[in-house]
Amino acid sequence: MTPPDRHPDAPAVLAALDADASAAAGHQFVELAAAYLAAASAGEGAVAPALGPAELAARFREPLPRGGRPLAEVLDRLAGDVVGEANRLYHPMAMGHQVSPPLPVAIWAEMLVAALNQSVAVSEMSPSGTAVEGAVVHWMAELAGFGPRAGGTLTSGGTEATFAALLAARSRAIPDVWTDGVGAEPPVLVCGEHAHYAVSRAAGEMGIGLRNVVTVPSRDHRMDAEALERTLAELDASGRAVMAVVATAGSTATGAFDDLAAVADACGRRGHWLHVDGAHGASALLSAGHRGRLRGVERAHSLAWDPHKMLLLPLAAGVVLVREERWLEAAFAQKAPYLFHAPAQHEAEEFDAAPRVWDQGIRSFQCSRRFDALKVWVALQRHGADGLGALFDHLCATAARLHARLAAHPAFEPLHAPESNILCFRWTGARDDGADDAALDALQHALRARYNRSGAGWITATVLDGRRVLRVTVMNPRTGDAHLEALLAGLDAAGRAEWAARRAAGATSTPAGAAVAPDMP
Ligand SMILES: *Cc1c(COP(=O)(O)O)cnc(C)c1O
């Protein structure tokens, strides 16, 4: 049997394509998004849905839809089951993870990213896209002080950015790694105790192995520069080669910045590759008040920087930058003649004589890749670097005011002065009532769950110096003093309720030595 010339359903589907491409259809999505933004900004509704993962999964467990349905029905379903049961990051009481309530202009730009669907792996597939990404990378490298030969690419986030940067470091340390592998005794990776798991994950992914990750202890939640010096000297003495040293600019747990100038000194003396994980904190480069925290970053070989964090862009928008563009090409030393037609710079004898390859695919872990750079470009056009820097300062100032309130409150204990917009603290309202540290650990865990479940607000928790702590990330510029006040009142009430419940049940202490396992950030 030969297939029919035309599928009988095709005309109806084609008509739907035409109808859906109209501005009227698009407006319905815009209105849904704008209504969400307005309601959440005004603090309406719960910050997070009350339903748990199993209940939500059940709601979506249904047979594969074989036929289509009217757009209006799809929009109704979106409004109720998806928008209605999402975390409201635009709510001023949302102070949880490092995920942004995205800049409105970037939300609307997302629609263009999808409409144009330019794959920025290859210049011929993304004529204006490759140029825009090049401009964004150039501006960000300039902010980092990286000089004229710098390059980089957009990534899915900080994890991919750090992976790509460390692949570049690997190809420098083991020039034949692409064909021969890392060998039995690969060089070691050195990072701070507070480094994001992106670093150890990269070590596993690239065949270096966790055994070859050397951790430097912290002092005041940042890499202890003297301990780093000792560690590097010991590695020298034992003849171990070092692939890279990873410093953190804005740590996940506390938002603390490593002393990059001191780390760069230690690396510079030995010629080690310095990678800075600035996924969270590199956006301080746009801020007049906080730029100094990255002093020394211009001496790094590579930098990971997430615009989808403190530049308040929607996921995903990460960036990896290198001081020499060809280092990134060496990281992915693979030939794909069907895509890339010119020799890459790292293959040329004379770097300066080699024609620059525009195709970003030779510098990226990804092949097909979204035009995420457009969001960064639009945000910079709309607000300017100074406007985005002002937002950064505003968020950090809110965190500083929260710190002051916690310090003045008898039932709370702030655990560090915030260097950015992240702050860890403990509720200690039961201490005078006989709760020891272990009991307080259990209480932090329980009161956070109770508070988040209430829908009134949403915060995170982590483990700091072996103790369970509460953690707030101020990502929403709409969070003001009244919201900070409400946060403390809500957490204090949740703490008292949990303590009262424990006393009623006679469970006021925790067995000695009960281990506190770190959470995944
Ligand atoms: C968030 C974060 C990462 C991971 O970035 P993703 O964008 O989530 O992949 C890495 N390092 C630090 C310091 C971070 O804060």
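Counting starts at 1 for both ligands and their atoms, following the listed order. Computed from a predicted model, the values in this text were never measured in an experiment.
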For residues Met475 and Pro477, report the shortest heavy-atom separation together with the two atoms involved.
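Closest approach of Met475 to Pro477: O-CD, 3.4 Å.
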
Is it the case that the ring center of His301 lies less than 6.0 angstrom away from the ring center of His275?
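Ring centres of His301 and His275 not closer than 6.0 Å.
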
Centre-to-centre under 6.0 Å for Trp305 and His280, is that the case here?
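Between Trp305 and His280, the centre distance exceeds or equals 6.0 Å.
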
Check for me whether Gly250 has a heavy atom closer than 4.0 Å to any atom of ligand 1.
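It does, in that a heavy atom of Gly250 comes within the 4.0 Å cut-off of ligand 1.
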
Return the closest protein heavy atom for atom 10 (C) of ligand 1 as residue, atom name and distance.
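Ranking protein heavy atoms by distance from atom 10 (C) of ligand 1, first comes His196 CG, 3.3 Å.
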
Report the nearest protein non-hydrogen atom to atom 12 (C) of ligand 1: residue, atom name, distance rounded to 0.1 Å.
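The protein heavy atom lying closest is Asp277 OD2, 3.4 Å.
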
Measure from the side-chain N and O atoms of Asp277 to the backbone N and O of Leu303, and report whether any donor-acceptor pair falls under 3.5 Å.
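The answer is no, because no donor-acceptor pair under 3.5 Å joins these two groups.
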
Nearest heavy atom to atom 6 (P) of ligand 1: which of Gly255, Gly158, Ala304, Ala279 does it belong to?
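Selected option, by shortest heavy-atom distance: Gly158.
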
Applying a 4.0 Å heavy-atom criterion (strictly less than), which segment of Lys309 is in contact with ligand 1: side chain, backbone, both, or neither?
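For Lys309, the contact with ligand 1 is made by the side chain alone.
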
State, without any angle test, whether Thr153 and Arg369 hold a side-chain donor-acceptor pair at a distance under 3.5 Å.
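On atom types as modelled, these side chains qualify, holding a pair under 3.5 Å.
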
Any atoms of ligand 1 less than 4.0 Å from a non-hydrogen atom of [X]? List them with their elements.
X	value
Thr159	4 (C), 5 (O), 6 (P), 9 (O)
Asp306	5 (O), 6 (P), 7 (O)
His280	15 (O)
Gly157	7 (O), 9 (O)

Taking the basic N atoms (NZ, or NE/NH1/NH2) and the acidic carboxylate oxygens, is any pair closer than 4.0 Å for Arg149 and Glu325?
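Salt bridge flag = no for Glu325 with Arg149.
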
Answer whether the closest heavy-atom distance between the side chains of Cys191 and Val245 falls below 4.5 Å.
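When only atoms from C-beta onward are counted, Val245 and Cys191 do not touch, as no gap falls below 4.5 Å.
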
Looking only at distances, can you tell me whether any N or O atom of Thr252, backbone or side chain, sits closer than 3.5 Å to an N or O atom of ligand 1?
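Thr252 vs ligand 1: N/O contact under 3.5 Å present.
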
